[in-house]
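Just so it is clear, the model here is predicted, and its values are computed rather than measured. Chain identifiers are assigned alphabetically (A, B, ...) following the order of the sequence lines, protein sequences preceding nucleic acid strands; residue numbering begins at 1 within each chain.
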There are 2 protein chains.
Amino acid sequence: MSPRAYRLGRRTAAAQRTRARVLRAARDLLTARAGAEPFSVDAVARRAGVARMTLYHQFGSRRGLLEALFDSFADGGELPARLAAAFQRPDPLDSLADIVAAFARFWDAGRPWIRRVRALGVLDPELGKAVEARNARRREVVRVLVERLGTRYGRPAPDEQAQAAELLYTLTSFETFDTLAGPGRKLPDVAGQVLRLARAAVGRHD
Amino acid sequence: MSPRAYRLGRRTAAAQRTRARVLRAARDLLTARAGAEPFSVDAVARRAGVARMTLYHQFGSRRGLLEALFDSFADGGELPARLAAAFQRPDPLDSLADIVAAFARFWDAGRPWIRRVRALGVLDPELGKAVEARNARRREVVRVLVERLGTRYGRPAPDEQAQAAELLYTLTSFETFDTLAGPGRKLPDVAGQVLRLARAAVGRHD
DNA sequence: CGTTAACTGTACATACTGTCTACCTAAATA
DNA sequence: TATTTAGGTAGACAGTATGTACAGTTAACG
């Protein structure tokens with residue numbers, strides 16, 4: 001697909017490396033114990049072992065850093081592959097189960113710091129837009145799924161489909177997972193509970 | 001030195017009045033369009049028409065102000081009365097419906113600023129404790145309800161009851177309501193959707 | 001070798017929190 | 001009436017944060 005850029009040069013390579021190091025430091029800092037340490041540009045820079053100016057040079061601003069962090073996580077993970085695999089299932093109810101499980105894994109992997117980035121997104125409207133853009137993808141995923149369910153199991157009224165999509169969107173949200181998981185629930189248990197509700201949301205109970 | 005007995009009459013009345021004015025200003029500021037204006041102690045003071053020092057004098061700190069704001073909302077509303085009324089219903093399934101409706105109303109009334117206070121609670125662990133304390137009440141509400149449902153409709157295994165309580169806790173959370181309501185859904189519609197899931201959560205489908 | 005760009009160091013303007021001190025004023029009390 | 005008390009105010013201050021400006025260093029690149 002994309003031709004491998006074999007002439008990219010050591011300069012950009014090094015730049016990408018520091019970029020990655022900074023993002024990792026930012027993630028670690030956000031993950032750190034109970035939010036005791038405030039998330040400041042300076043703290044991230046110190047943790048990454050670079051100058052504060054490097055951050056502004058590379059990300060433009062604190063917000064830019066957070067957006068880049070959010071993007072790196074969303075793109076870097078294996079969520080897209082898992083979602084694609086879920087849609088391969090012949091029975092859309094199986095797809096639903098896989099999708100719920102995929103999001104549960106996804107949220108669980110970055111729980112402590114995703115929670116904070118989202119909180120920052122609520123407080124900073126600009127950052128909030130970036131978060132919302134990611135949510136739009138999930139919204140599309142559930143919309144397509146509901147469509148398939150309608151085709152397979154009999155199509156309900158359009159507004160009922162829309163309602164089902166809204167419910168699935170909410171059930172697969174980070175907030176639902178985070179609240180339900182609480183301080184120490186096991187991942188499969190939580191995913192199972194969400195799936196039960198999700199089946200109810202589309203009118204297919206156990 | 002014998003501290004003179006100083007019974008407070010009109011003074012506390014006046015103090016309560018400024019207190020209320022400040023809290024109102026804080027609420028309005030948090031509600032203000034899209035969070036454009038940052039929530040600073042100074043901004044609240046200006047909006048309330050008092051000196052910044054008055055806020056520190058009255059609430060101790062920015063966090064104290066936010067906690068007071070949160071408390072004033074929780075205590076001042078009609079939620080407790082509605083919950084009490086809900087528990088009067090003979091059929092616990094009717095109680096469930098009323099409880100869901102009560103929380104939906106409650107969250108809807110302060111949606112724009114509750115969202116921000118909760119975000120601030122995520123970022124500030126101390127403030128988060130205050131928020132969590134309020135959630136503990138709701139947790140107790142759903143626990144008692146699940147207990148009643150078990151008595152009335154046949155008691156499931158203890159861990160199933162615990163799971164049902166967790167689900168109801170999540171479904172009645174602000175985050176669920178806020179996500180589901182989106183930008184422009186009608187309150188009764190959202191409450192109805194949540195109720196459907198809540199009934200599924202306790203094993204009572206339509 | 002000269003150019004370019006990542007990276008750095010320092011200084012600076014701005015804004016916010018929180019503390020301190022002194023002060024004014026009106027209510028409450030002796 | 002005289003005095004105490006507490007709510008509210010004003011200004012200065014320290015500490016920390018973001019973000020900008022600018023000059024400097026270093027190493028890859030043509």
- prompt: Separation of B:Tyr56 atom OH from C:dT19 atom P, in whole Å?
  reply: 8 Å
- line: Among the nucleotides D:dT18, D:dG11, C:dC16, whichever has the atom closest to the side chain of B:Pro38 is C:dC16
- prompt: Can you tell me how far C1' of D:dT20 sits from CZ of A:Arg63, to the nearest Å?
  reply: 16 Å
- prompt: Tell me: CG of A:Asp42 to P of D:dG15, nearest whole Å?
  reply: 16 Å
query: Under 4.0 Å between a side-chain N/O of B:Ser40 and OP1 or OP2 of C:dA15, yes or no?
result: no
task: Measure from CZ on A:Arg46 to P on D:dT16 and round the result to the nearest Å.
output: 10 Å
query: Nearest to the side chain of A:Arg62, which nucleotide is it out of D:dT9, D:dT18, C:dG9?
result: D:dT18
message: Looking only at the side chain of A:Ala15 (C-beta and beyond, no hydrogens), which of the listed nucleotides D:dT9, D:dA21, C:dA6 gets closest?
response: C:dA6
- prompt: When you match A:Val41 and B:Val50 each to their closest nucleotide on DNA chain D, which lands nearer the 5' end?
  reply: B:Val50
query: Once you round it to whole Å, what is the distance between C1' of C:dC24 and CE of B:Met53?
result: 14 Å
- request: Please state whether the phosphate of D:dG7, meaning OP1 or OP2, lies under 4.0 angstrom from any side-chain nitrogen or oxygen of B:His57.
  value: yes
message: So, under a plain 3.5 Å distance rule, would you say the side chain of A:Arg52 forms a donor-acceptor pair with the base of D:dG19?
response: yes
message: Main chain of B:Val100, side chain of B:Thr172: is a donor-acceptor contact present, judged purely on distance under 3.5 Å?
response: no
task: Answer yes or no: does a side-chain N or O of A:Gln58 lie under 4.0 Å from OP1 or OP2 of C:dC7?
output: yes
field: Presence of salt bridge, A:Lys129 and A:Glu132, under 4.0 angstrom
entry: no
query: Between atom CZ in A:Phe39 and atom C1' in D:dT18, what is the gap in whole Å?
result: 13 Å
field: Within 6.0 angstrom of A:Arg105 CZ, more than 12 heavy atoms from elsewhere
entry: no
query: Can a cation-pi geometry be assigned to B:Arg115 and B:Phe174, taking NZ or CZ under 6.0 Å from the six-membered ring centre and within 45° of the ring axis?
result: no
query: Which whole-number value in Å describes the distance from B:Leu55 CG to C:dT17 P?
result: 10 Å
- request: Using whole Å, report how far CD of A:Glu126 lies from C1' of D:dT18.
  value: 16 Å
message: Does atom CZ (A:Arg24) have a neighbourhood of more than 12 heavy atoms from anything else shown, all under 6.0 Å?
response: no
